[in-house]
Amino acid sequence: MEDQTLFRTHGAGTLRPEHAEEKVILSGWVHRRRDLGGLIFIDVRDRSGIVQIVVHPEQADAFQVAETLRNEYVIRIEGKVVRRAEETVNPDLPTGEVEVIAWAIDILNTAQTPPFSPAEHKEIDEKMRLRYRYLDLRRSAMQNILILRHQVTQAIRRFLSEHDFVEVETPMLTKSTPEGARDFLVPSRLKPGSFYALPQSPQIYKQLLMVAGLERYFQVARCFRDEDLRADRQPEFTQIDIEMSFMPLHAFQDLIETMMQEVTAMVTGVHVPHPFPRISYTEAMDRYGSDKPDTRFGLEIVDVSETVKDSPFQVFRQAIATGGVVRLIRVPDGAGRISRKDVGALEETAKAHGAKGLAWLKIEGGTLSGPLAKFISEDELGRLREVAGVSDGDMLFFGADQKDVVRQALGAVRLALRDLLGLVFPGQFQFLWVTDFPLLEYDPTEKRYVAVHHPFTRPKEEDRHKLMTDPLSVRAEAYDLVLNGYEIGGGSLRIYRREEQDAMFRLLGLSEEEVAEKFGFFVEAFEYGAPPHGGIALGLDRIIAILAGRSNLRDVIAFPKTQSGTDLMMDAPGRVRPEQLAELGISVRTN
RNA sequence: GGUGCUGUGGUGUAGUGGUUAACACACCGGUCUGUCACACCGGAGAUCGCGGGUUCAAUUCCCGUCAGCACCGCCA
């Protein structure tokens, strides 16, 4: 008899013909049971995979146990690996050339019939999956993602360590600062009425580590933002946070590119060339209507304001007369591929993104159709051919409004066309740097400038002279890393001189007292010899999701939140006992 | 804060102003020695998310509400 305390000699999914005739002990879950009456097959599953167990009636003890097994029971099996007869090989199973003849089966634990089975093939409702997350995670597809995530994190840790970066942990209990997203707050018991904030990112800490002389820092950092959720946004998420001193920007970006190249190759087997393309913010907005363009397909936006400025179509004329623009997306061969119904949906998309409408034109067999047809002269069409390369069979979508509106609306229409026409495919990975973001934007509700990236971002040297005279035209030394139309990272070179940081805070409308209160320690640190530095934060969850071909972040997070920020398994957030609140000096309004 | 979609046995779906609310899987019992999403026979299992309204009658129509999802706003 084998050692009873030994649970396993092999992983179920690892058995191969070379193990034939070996005695093995397996432990795992009953994936499926096929009871033929005089012969019982059990598919046993562990993390490594599935193997078929055969129980013959001659092994009376084992057979008796096998008859009572149910799905998801946890069992231990002793038996012998044998090659399957030619005609019973299962080519769909990695272990399909062998099976295990069992002579002993122990039930380590029984199981209720689960609300859904890990062996099931159908789509399970998201609510169900989240409520019983531990069952959802039994499915190999989910386990594979978690394993993949582990491997990526390990690879990144190794890569950065080899490049002399030091992993440093920074506090989770920190302080709320103005600017940025809404904070998650944690009440202090020792100082009633005071609150910690969970970090939106370790930004200030990592800059202080640069002042401290660490020179190269990284962290797999959990970050928290109390804002509404999306498919690509969770309230807590993980950043690969990186900062370094004394490094030229191009060299830093090269390092990040090399790392992403390695990760992509590891996960997908796809080799992405680098350097990655770079595009300025302005160009991205003009050509793609997005600051995170999906460049896997064309359909670029073309400005035709000049061409149609005298158009009889009033919407065009008026847009231009009031300082706006007219731009179009040309869909090659779109005339035959896009139905009236599709057009209606595209129009809704444009409207949802601020446009008043979406004018369109089909060019088929030399004749024009669509609401614009009667307004476009032969002459204008000729010039459109020149400017936008329009040819027969094309379909054109026009946006006419103020520049920002047209950018956003046509950007959304472009993505809708991507999905409608199926223009992208699995296995395509287009990395892209978006650079030269504006440093500031004007917030009309707060009536002041706010930082586009964050208040620690350095203005571009050549724009610095415009800081006081024309702040909105100042570009930042900031860069986003974009993959397939998702922002997967963002960073900047930082301000590292006190006077400059002070000037930036003043520009953002913070009073001297506010600066002293909120950032006093920070600017003070700059007086003690802060090195030139910069960095980036990469969104690990998004990177994994994209590389693993998943369209929502929940699938790459072990225990994610719903769109309303709840955990359906734990039922968090939850109420707390009155004594807990009392200790914290908190009373809750109940209306 | 707003818009849209969804909510029917354990699960996935079908369906209807008056039905015995249908099907598949799962579940329970039985038969079966080469199955592998086993097969076959039989069985049990649903206050149709919740509340209100319209109606002789509501799972179905209307309003509200809750939950999940997608999106807009928001997310430096």
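Convention: sequence-line order gives letters A, B, ...; per-chain numbering from 1. Excluded from the calculations below are hydrogen atoms, water molecules and symmetry mates; all remaining heavy atoms, backbone and side chain alike, are included.
OP1 or OP2 of B:C75 has not a single side-chain nitrogen or oxygen of A:Gln200 nearer than 4.0 Å. The side chain of A:Arg34 contributes no N or O atom lying less than 4.0 Å from OP1 or OP2 of B:U35. The shortest distance between the side-chain N/O atoms of A:Thr349 and the OP1/OP2 oxygens of B:C72 is not below 4.0 Å. When the side-chain nitrogen and oxygen atoms of A:Thr562 are compared with OP1 and OP2 of B:A67, none of them lie within a distance under 4.0 Å. OP1 or OP2 of B:A70 has at least one side-chain nitrogen or oxygen of A:Arg554 nearer than 4.0 Å.
The interatomic distance linking A:Leu415 (CG) with B:A70 (P) rounds to 17 Å, in whole Å. If you take CG of A:Asp43 and C1' of B:G34, they are 13 Å apart, rounded to a whole angstrom. What separates NZ of A:Lys561 from P of B:C69 is a distance of 13 Å, to the nearest Å.
Among residues at least two apart or in separate chains, side chain to side chain donor-acceptor pair (under 3.5 Å) pairs with a member in residues 442-451 of chain A are A:Glu179-A:Arg448, A:Asp443-A:Thr445, A:Glu446-A:Arg448. Applying the side chain to side chain donor-acceptor pair (under 3.5 Å) test to every pair with at least one member in residues 553-563 of chain A, sequence neighbours left out, gives these pairs: A:Glu126-A:Arg554, A:Arg129-A:Asp555, A:Glu236-A:Lys561, A:Arg550-A:Asp555, A:Thr562-A:Ser564, A:Thr562-A:Thr566.
For a distance-only test at 3.5 Å, the side chain of A:Arg233 qualifies as a donor-acceptor partner of the base of B:C75. Contact of A:Arg33 with B:C38 (side chain to base): no donor-acceptor pair of N or O atoms is detected under 3.5 Å.
Considering every non-hydrogen atom in both A:Pro455 and A:Ala451, the closest pair reads N-CB, 3.7 Å.
A salt bridge does not link A:Arg230 with A:Asp232: none of the charged nitrogens is closer than 4.0 Å to a carboxylate oxygen. A salt bridge links A:Arg84 with A:Glu99; the closest basic N to acidic carboxylate O contact falls under 4.0 Å. Under the 4.0 Å criterion applied to side-chain N and carboxylate O atoms, A:Lys292 and A:Glu487 are not assigned as salt-bridge partners. A salt bridge links A:Asp43 with A:Arg34; the closest basic N to acidic carboxylate O contact falls under 4.0 Å.
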Taking only nitrogen or oxygen atoms into account, show me every contact under 3.5 Å that the protein makes with nucleotides 41-43 of chain B, one pair per line with its distance.
none

Between the protein and nucleotides 1-5 of chain B, are there any N/O to N/O pairs under 3.5 Å, and if so, what are the atom names and distances?
from: B:G1; atom 1: O6; to: A:Asp228; atom 2: OD2; distance (Å): 3.4

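Look at the C1' atom in both B:U20 and B:C48: the space between them is 16 Å, to the nearest Å. Atom name P, nucleotides B:U19 and B:G43: the rounded distance is 24 Å, in whole Å. Taking atom C1' in both B:C74 and B:A22, one finds a spacing of 45 Å when rounded to whole Å. Nucleotides B:G15 and B:A21 place their C1' atoms 8 Å apart, quoted to the nearest Å. Comparing the same atom, P, in B:G9 and in B:U59 gives a spacing of 15 Å after rounding to whole Å. Taking the P atom of each, B:U8 and B:A46 are spaced 15 Å apart, rounded to whole Å. A gap of 38 Å separates the C1' atoms of B:C27 and B:G64, to the nearest Å. For the P atoms, the distance from B:G1 to B:G17 is 37 Å, rounded to whole Å.
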One character per nucleotide, please: for nucleotides 24-31 of chain B, 5' to 3', B when the base has a protein heavy atom closer than 4.0 Å, S when only the sugar-phosphate does, - otherwise. BBSSSS--
Mind running side-chain hydrogen bond (donor to acceptor under 3.5 Å, both in side chains) on A:Thr95 and A:Gln52 for me, showing each step along the way? CA-CA 8 Å; A:Thr95 59; A:Gln52 172 166 281; over 6 Å; no
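Classification of the A:Tyr281-A:Phe437 ring pair by plane angle, with boundaries at 30° and 60°, yields tilted.
Stacking between A:Phe116 and B:U11 is absent: the ring centroid is not both under 5.5 Å from the six-membered base ring centre and under 30° in plane angle.
A cation-pi arrangement is absent between A:Arg138 and A:Tyr132, since the terminal nitrogen or guanidinium carbon is not both under 6.0 Å from the aromatic centre and inside a 45° cone about the axis.
Taking the side-chain hydrogen bond (donor to acceptor under 3.5 Å, both in side chains) definition, one finds that A:Gln59 meets it with nothing, sequence neighbours left out. Every side chain to side chain contact (heavy atoms under 4.5 Å, CB included) that A:Asp463 has, sequence neighbours left out, goes to A:Lys460, A:Lys466, A:Val474, A:Arg475. Applying the side-chain hydrogen bond (donor to acceptor under 3.5 Å, both in side chains) criterion to A:Thr68, with sequence neighbours excluded, gives no partner residue. Under the side-chain hydrogen bond (donor to acceptor under 3.5 Å, both in side chains) criterion, A:Asp541 pairs with A:Arg149, not counting sequence neighbours. Contacts of A:Phe519 classified as ring-ring contact (aromatic ring centres under 6.0 Å, His included), with partners at least two apart in sequence or in another chain: A:Phe456, A:Phe505. For A:His353, the ring-ring contact (aromatic ring centres under 6.0 Å, His included) criterion is met by no residue, not counting sequence neighbours.
Listed nucleotides: B:A67, B:G10, B:C71. Nearest to the side chain of A:Gln563: B:C71. Nearest nucleotide to the side chain of A:Arg84, out of B:G10, B:G68, B:G34: B:G34. Comparing B:G10, B:C74, B:G12 by their nearest atom to the side chain of A:Asp125 picks out B:G12.
The residue A:Ser551 sits apart from the nucleic acid: no heavy atom pair falls under 4.0 Å. Residue-level contact check: A:Thr566 touches the backbone only, with heavy atoms under 4.0 Å from sugar-phosphate atoms and none from bases. Heavy atoms of A:Glu58 sit under 4.0 angstrom from at least one base atom. Residue-level contact check: A:Glu99 touches the bases, meaning some heavy atom is under 4.0 Å from a base atom. Within the 4.0 angstrom heavy-atom criterion, only backbone atoms of the sugar-phosphate kind lie near A:Glu123; the bases stay farther away. Counting non-hydrogen atoms under 4.0 angstrom, A:Ile124 reaches the backbone sugars and phosphates but no base.
Remark on RNA chain B: of its neighbouring residues A:His56 and A:Arg32, the 5'-side contact belongs to A:His56, judged by nearest-heavy-atom nucleotide. Remark on RNA chain B: of its neighbouring residues A:Arg542 and A:Glu126, the 5'-side contact belongs to A:Glu126, judged by nearest-heavy-atom nucleotide.
A:Arg133 places a side-chain N or O within donor-acceptor distance of the main-chain N or O of A:Ala558, the cut-off being under 3.5 Å.
Near-neighbour residues of RNA chain B inside residues 480-498 of chain A, defined by a heavy atom below 4.0 Å, are absent.
Using the Watson-Crick or G-U wobble rule with both distances under 3.5 Å, B:U3 pairs with B:A70.
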